[in-house]
Amino acid sequence: MKKKLLFVNGHLNVGGIEKSLSDLLCHLDYSRYDVDLLLLEDKGTYAEGLPPQVHVIHHDTRKAFGPFFTILRQNLKQRDFTNILFRLVFLLSPIFGKSTYRLLRHHLKISKPYDWAIAYRVGFPNEIVAWTVKSKHKACWWHNGIFPYSTSQTKTLMGSWGKMDYIVTVSEGCKQMLMEKLHLEESKIKVIPNIIDVEKIEEMANTASPYPQEEGVLNIVTLGRLCWEKHMEDIPDIASILMDKGIIDFRWHIIGDGAKQEEIAKSIKKRHLERHIFMHGHQPNPYPYLKHADLMMHTSYVEAHCLTMLEAMALKTPCVVTRTVIPQDFTIDGENCYIAEQDINSQVACIVKLLSNMDKAQEMVEKAYQMVKERYSANSIVTRVERLLL
């Protein structure tokens, strides 16, 4: 008999967690599993590429949040009684306990029993799996490169994790962090990295270069959300120092959007770098930018298991990466990339070092490519998931 699985996440818009979930769902063996996917916000871009065997259940719970009487009035006007129930459950659960979440089963269309229920991120998906779903086994995926929770938030998290058979982290670094912060038993934590589908990435990258054809010009790319963790606001400073060192024939391309977008744009203008740094915003297919770049500079301080780095390695693009709070399992300084410290001058030094020895850079990209294919193939990662689901 097929095992019945439920995955719960907020959405499938562009993002590392969402790409990881989409990749996993695209490679499961549907002769062995019946899969429901519950999305609690909007569906998102990646939902369009899911296999037809995935039964998507969608309910936008965002309409349940906000000032109480405003939400009540809006939902009554739209006759959306489900979101009114959601809000009442949130209000009542501190008084009557998390068992009130069971009232949501019918309205979320997850009343049937499952063999495994998986919260693919902490937060509301984790709460729903812990307290609402009827399942023989439960697990929560952890994708965070830091532990950002207060004492009260930690207490809430540990209460729901008490309902979980396993916590699945995407790297050994995450596992060690959770063991240190929460004193979890090692046997309760499983490590299953993200899938890197090299063939699919190569196929999507196999288009003409998105960069202008300028002889002798170096194209640098940085890809990710424009938020505090990624430290892309450092790019104008790094670029200015490169120019002071005489490296002036470069174009730095920033792919992504987020809260820091306006700050970075102002910094570029203030330093008169408009001819050197270009902000391309969100790109549905960022892989041509990675493939055709001469260098990928990753400025982030916080990563759990960085997909962007691995994707650049899969496309044989030389990488300079900033040392993250949790060490990345796959980065080896001087062997498959250069690792800079969390310091602008160190990042500049690593870029200069790479540019001064492109033969060494070519050796590194070949080692990085082979490492990605061997360690993060779909077959390898799905096998680890299937072992968990036994």
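Source: prediction; values computed, not measured. Hydrogens, waters and symmetry mates are skipped; everything else that's a heavy atom, side chains included, is used.
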side-chain hydrogen bond (donor to acceptor under 3.5 Å, both in side chains) between Trp252 and Asn219, worked out: CA-CA 6 Å; Trp252 198 318; Asn219 285 301; over 6 Å; no
Gap separating the CG atom of Leu307 from the CG atom of Leu223, nearest 0.5 angstrom: 10.0 Å
Residues, nucleotides or ligands: over 12 heavy atoms within 6.0 Å of Lys188 NZ: yes
Backbone of Ala304 reached by a side-chain donor or acceptor of Asn144 within 3.5 Å: no
Within 6.0 Å of CD in Glu185, more than 12 heavy atoms from elsewhere: no
Pro236 backbone acceptor or donor facing Ser240 side chain under 3.5 Å: yes
Reported CG-to-NE2 distance for the pair Leu226 and His231, which is rounded to 0.5 angstrom: 12.5 Å
Same apolar cluster (I L V M F W Y, side chains within < 4.5 Å links), Ile57/Tyr30: no
Close aromatic pair by centroid cut-off 6.0 Å: Tyr211 and His292: no
N/O donor-acceptor pair under 3.5 Å between Arg384 side chain and Val191 backbone: yes
Intermediate values then yes/no, side-chain contact (heavy atoms from CB on, under 4.5 Å), Leu218 and Asp249: CA-CA 6 Å; Leu218 175 78; Asp249 292 330; over 6 Å; no
Within 6.0 angstrom of Lys200 NZ, more than 12 heavy atoms from elsewhere: no
Lys134 atom NZ, neighbour heavy-atom count above 12 within 6.0 Å: yes
Lys/Arg N to Asp/Glu carboxylate O, Asp115 vs Lys4, below 4.0 Å: no
Lys360 side chain vs Lys353 backbone, donor-acceptor pair below 3.5 Å: no
Salt-bridge criterion met for Glu262 and Lys266 (N-O under 4.0 Å): yes
Validation row: His298, Thr308 side chains within 4.5 angstrom (heavy atoms): yes
Residue from Ile344, Ile277, Ile220 passing side chain to side chain contact (heavy atoms under 4.5 Å, CB included) with Ile235: Ile277
SB check Lys63 Glu41 (cutoff 4.0 Å): no
Nearest atoms (heavy-atom pairs only) where Cys140 meets Val122: SG-CG1, 3.9 Å
Aromatic ring pairing His280/Tyr289, orientation class (parallel under 30°, perpendicular over 60°, tilted between): tilted
Residues Asp36, Lys112: salt bridge by 4.0 Å N-O rule: yes
Qualifying residue for ring pair (Phe, Tyr, Trp, His ring centres under 6.0 Å) with Phe90, from Trp131, Phe65, Phe68: Phe65
Distance (rounded to the nearest 0.5 Å) between Met296 CE and Thr222 OG1: 7.5 Å
Glu48/Lys43 ion pair, N-O < 4.0 Å: no
Side-chain ion pair, Glu303 and Lys230, N-O less than 4.0 Å: yes
From OG1 (Thr322) to CG (Asp234), nearest 0.5 Å: 8.0 Å
Donor-acceptor pair, side chain of Lys138 and main chain of Trp116, under 3.5 angstrom: no
Heavy-atom pair with the smallest gap, counting every atom of Ala314 and Glu202: O-OE2, 4.1 Å
Pair Asp237 + Arg271, salt bridge at N-O below 4.0 Å: yes
Minimum heavy-atom distance between Thr61 and Leu40, given as atom pair plus value: OG1-O, 2.8 Å
Audit row: Thr154, Phe147, side-chain contact (heavy atoms from CB on, under 4.5 Å) steps and yes/no: CA-CA 9 Å; Thr154 301; Phe147 190 83; 3.4 Å; yes
Met158 CE to Leu184 CG distance, which is reported to the nearest 0.5 Å: 4.5 Å
Ion pair check, Lys19 and Glu311, cut-off under 4.0 Å: yes
Test applied, side chain to side chain contact (heavy atoms under 4.5 Å, CB included); reference residue, Cys337; option that passes from Val321, Ile332, Val365: Val321
Ring pair (Phe, Tyr, Trp, His ring centres under 6.0 Å) contacts touching residues 305-357 (sequence neighbours left out): His305-Phe330, His305-Tyr376
Worked verdict on Glu214 versus Arg251 for salt bridge (Lys or Arg N to Asp or Glu O under 4.0 Å): CA-CA 10 Å; Glu214 300 175 282; Arg251 305 288 182 264; 3.3 Å; yes
Any donor-acceptor N/O pair, Ser377 side chain to Glu374 backbone, under 3.5 Å: no
Closest approach of Ile326 to Ser171 (non-hydrogen atoms, all atoms of both residues): CG2-OG, 4.4 Å
Within 6.0 angstrom of Glu203 CD, more than 12 heavy atoms from elsewhere: no
Short side-chain to backbone donor-acceptor contact, Thr82 and His107, under 3.5 Å: no
Lys316 side chain vs Gln362 backbone, donor-acceptor pair below 3.5 Å: no
Short side-chain to backbone donor-acceptor contact, His11 and Asn13, under 3.5 Å: yes
Test item: side-chain donor near acceptor, Asp197 and His27, under 3.5 Å: yes
Aromatic ring pairing Phe124/Phe86, orientation class (parallel under 30°, perpendicular over 60°, tilted between): perpendicular
Least distance between heavy atoms, Asn83 atom then Asp60 atom: ND2-O, 3.5 Å
Centroid separation Trp142 to Tyr120 less than 6.0 Å: no
Lys2 NZ: over 12 foreign heavy atoms closer than 6.0 Å: yes
Test log, rule side-chain contact (heavy atoms from CB on, under 4.5 Å), inputs Ile189 and Tyr166: CA-CA 6 Å; Ile189 307 177; Tyr166 296 110; over 6 Å; no
Heavy-atom pair of closest approach, residues Asn285 and Met204: ND2-O, 2.8 Å
No-hydrogen, no-angle side-chain donor-acceptor test under 3.5 Å, Thr324 and Gln328: yes
Same apolar cluster: Met177 and Val302, side chain cutoff 4.5 Å: no
Glu186 atom CD, over 12 foreign heavy atoms within 6.0 Å: no
Approximate separation, where rounding is to 0.5 Å, of Ile192 CD1 and Lys175 NZ: 11.5 Å
Between Thr156 and Gln153: side-chain donor-acceptor atoms closer than 3.5 Å: no
Donor-acceptor contact below 3.5 Å, side chain Ser300 vs main chain Glu229: yes
